[in-house]
Amino acid sequence: RELRRCSLTQNGTVEYDEGWRTLPYLGTGSCGIALAIHELRAATGTDLYEDEYRKLIRACTYYQCAQGTYGYGLAGFATVLNRAKASLSPDAAMALKKAPDTLRLFLVPRDGSAFVRGNQGLKLSCDFLTGSLGVVAALSALRGDWSGVPFLPGGGNHTNEREEVY
């Protein structure tokens, strides 16, 4: 049903179509659909929705985005690309490689810490979907510490020793 709400854009991506705009995001958009299809394919060992999946993943490769957040920005794109990294095109692999540096553009230094502007950039936010916590979680997933998605297993890069910080 969600795929039926998507349309092909001029740049060859498949994005969730609201009727007046298309959305590529994880929280509301094609990246969330790409994540669902990725996990379905992994669970079934099949190549379901191959053409759509490839074009949905392409929507996760945008370098310019108004927000850096997990739900509506680059952190979400990076999380989905990281989950799918075994099957990425060269362009998508490059977008994943550049994600940490690109996310730095969205950091706001304040009182010795770094924050991310929340939804629509109106205030600083520390929550998971629209704030700093989601960006830190995405970066942690890129390091291999966890899956990057709260309800999915995976990650746990235990090859290098890290000190636990509480």
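This one's a predicted model, so the numbers in the text were calculated from it and none came from an experiment.
Rounded to the nearest 0.5 angstrom, Lys85 NZ and Leu96 CG are separated by 7.0 Å. Asn119 contributes atom CG, which lies 8.0 Å from atom CG of Leu129 (distance to the nearest 0.5 angstrom). If you take CG on Leu88 and CG on Asn82, they are separated by 8.5 Å, rounding to the nearest 0.5 Å. Interatomic distance, Arg58 CZ to Ser89 OG, rounded to the nearest 0.5 Å: 7.5 Å.
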Using a 3.5 Å cut-off and no angle test, enumerate the donor-acceptor pairs between side-chain atoms of residues 130-142 and protein atoms at least two apart in sequence or in another chain.
residue: Thr130; atom: OG1; partner: Asp127; partner atom: OD1; Å: 2.9
residue: Thr130; atom: OG1; partner: Asp127; partner atom: OD2; Å: 3.0
residue: Ser132; atom: OG; partner: Val116; partner atom: N; Å: 2.9
residue: Ser132; atom: OG; partner: Ser125; partner atom: O; Å: 3.1
residue: Ser140; atom: OG; partner: Asp145; partner atom: OD2; Å: 3.1

Acceptor/donor pairs from residues 64-76 side chains to any protein atom, 3.5 angstrom cut, sequence neighbours excluded:
residue: Gln67; atom: OE1; partner: Gln120; partner atom: N; Å: 3.1
residue: Thr69; atom: OG1; partner: Tyr72; partner atom: N; Å: 3.2
residue: Tyr70; atom: OH; partner: Gly148; partner atom: O; Å: 2.5

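In this structure, Tyr53 and His38 have parallel ring planes: the angle between them is below the 30° cut-off, well short of the 60° mark.
Here the closest heavy-atom approach between residue Ser7 and residue Asp17 is recorded as OG-OD2, 3.1 Å. Across all their heavy atoms, Ile33 and Cys6 have their closest contact at CD1-SG, 3.6 Å. When all heavy atoms of Val80 and Ala34 are compared, the pair lying nearest together is CG1-CB, 4.2 Å.
When side chains are defined from C-beta on, Leu3 counts as touching Leu56, because their heavy atoms get closer than 4.5 Å. Looking at Pro24 and Ser30, their side chains come closer than 4.5 Å, going by heavy atoms from C-beta outward. Taking the side chain as every heavy atom from C-beta outward, Leu48 and Ile37 never approach each other to under 4.5 Å. No side-chain heavy atom of Phe77 sits less than 4.5 Å from a side-chain heavy atom of Thr102. Contact check for Phe106 versus Arg117: no side-chain heavy atoms found under the 4.5 Å cut-off.
Thr13 places no side-chain N or O within donor-acceptor distance of the main-chain N or O of Thr9, the cut-off being under 3.5 Å. A distance-only check finds no donor-acceptor pair linking the side chain of Arg5 to the backbone of Tyr16 [under 3.5 Å].
By the 4.0 Å N-to-carboxylate-O rule, Arg21 lies too far from Glu15 to be salt-bridged with it. Checked for salt-bridge contact, Lys98 and Asp101 miss the test: no charged N lies under 4.0 Å from a carboxylate O.
With sequence neighbours excluded, no residue forms a salt bridge (charged side-chain N to carboxylate O under 4.0 Å, His left out) with Arg4. Scored by the salt bridge (charged side-chain N to carboxylate O under 4.0 Å, His left out) test, Glu2 finds no partners at all (sequence neighbours excluded).
Trp20 and Val14 fall into different hydrophobic clusters, where Ile, Leu, Val, Met, Phe, Trp and Tyr residues are linked whenever their side-chain heavy atoms come under 4.5 Å apart, directly or through other members.
Under a 4.5 Å side-chain heavy-atom criterion applied to ILVMFWY residues, the cluster that includes Tyr63 comprises Met94 as well. Taking a 4.5 Å side-chain heavy-atom cut-off between Ile, Leu, Val, Met, Phe, Trp and Tyr, the cluster of Phe115 extends to Val108, Leu124.
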